[in-house]
Amino acid sequence: MLIDLSEVLSGNQKTISRDAKMEMKEIHLSQGYFPVKETSPVSLNIERIKRKELRITGTADVRVQIPCDRCLKEVDVDFHLQIEKHVDLDTDTEKPDQELDESNFIDGYNLDVDKLLYNEILIGWPMKILCSEDCKGICNVCGQNLNEGDCDCEDTSLDPRMSVIRDLFKNFKEV
Ligand SMILES: [Zn+2]
Ligand SMILES: [Zn+2]
């Protein structure tokens, strides 16, 4: 969904408030696609500070389904987004280029709500997802979900100390 910023950029209005909706159905990351299950309405407040400088504030709740790192069961993860952005659309001043990246959710005179929220979700993306703290994971041999019952394989991964070590390795690789 796009919000027209021309009223506030032209100075006709100092502040506008808009109720928007996130329309993105999936969060696309290099690790895969994660379905968006629920989103609250997004209330945005857009204030012109001076010339083309805007302050954008608002809140939104988004629920995304992400698989458990150990057993791959889908887990509902709630993101409580607190948006607080300060952007300067005046590109011909001496502002450094990195400022442009920051405002990739603004296209001409429109604010792209999906892109704005997507950025915020990425910032808040958890390092680790577990369906429960003591998730037993899946058997390396037969693929049985060990939370649902044991299998007959002889596998040391049943030992909780082993899964701690596996997690350590995993975190290590991600760095
Ligand atoms: Zn799990
Ligand atoms: Zn097994």
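Numbers for residues simply follow the sequence, beginning at 1. Hydrogens, waters and symmetry mates play no part in the numbers below; they use all other heavy atoms, side chains included. Counting convention: from 1, in listed order, for ligands and their atoms alike.
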Are Phe105 and Leu122 joined in one hydrophobic group, where the rule is that I, L, V, M, F, W and Y side chains link up if heavy atoms are under 4.5 Å apart? yes
Cut-off 3.5 Å, no hydrogens considered: what does the side-chain donor-acceptor table look like for residues 106-113, sequence neighbours left out?
{"residue": "Asp112", "atom": "OD1", "partner": "Asp114", "partner atom": "N", "Å": "3.1"}
{"residue": "Asp112", "atom": "OD1", "partner": "Lys115", "partner atom": "N", "Å": "3.2"}

Should Asp88 and Lys52 be marked as a salt bridge (Lys or Arg N to Asp or Glu O under 4.0 Å) after you check the CA-CA gap, both sets of side-chain angles, and the distance that decides it? CA-CA 6 Å; Asp88 188 354; Lys52 291 194 166 181; over 6 Å; no
Are Ile46 and Leu2 grouped together when hydrophobic residues (ILVMFWY) are joined by side-chain heavy atoms under 4.5 angstrom apart? no
Keeping to distances under 2.8 Å, can you name the protein N/O/S atoms close to the Zn ion (ligand 1)? Cys68 SG, Cys71 SG, Cys131 SG, Cys135 SG
I'd like to know if Leu72 and Ile129 are part of one continuous hydrophobic network [Ile/Leu/Val/Met/Phe/Trp/Tyr, side-chain heavy atoms within less than 4.5 Å]. no
Count, waters excluded, of protein N, O or S atoms under 2.8 Å from the Zn ion (ligand 2): 4
Using only atom types and a distance under 3.5 Å, with no angle test, would you say the side chain of Tyr118 pairs donor to acceptor with the backbone of His28? yes
Between the main-chain N or O of Glu47 and the side-chain N or O of Lys14, is there a donor-acceptor pair closer than 3.5 Å? no
Contacts of type ring pair (Phe, Tyr, Trp, His ring centres under 6.0 Å), residue Phe34, not counting sequence neighbours: Trp125
Give the cluster check for Ile83 versus Ile49: same hydrophobic cluster or not, with ILVMFWY residues linked at side-chain heavy-atom distances below 4.5 Å. no
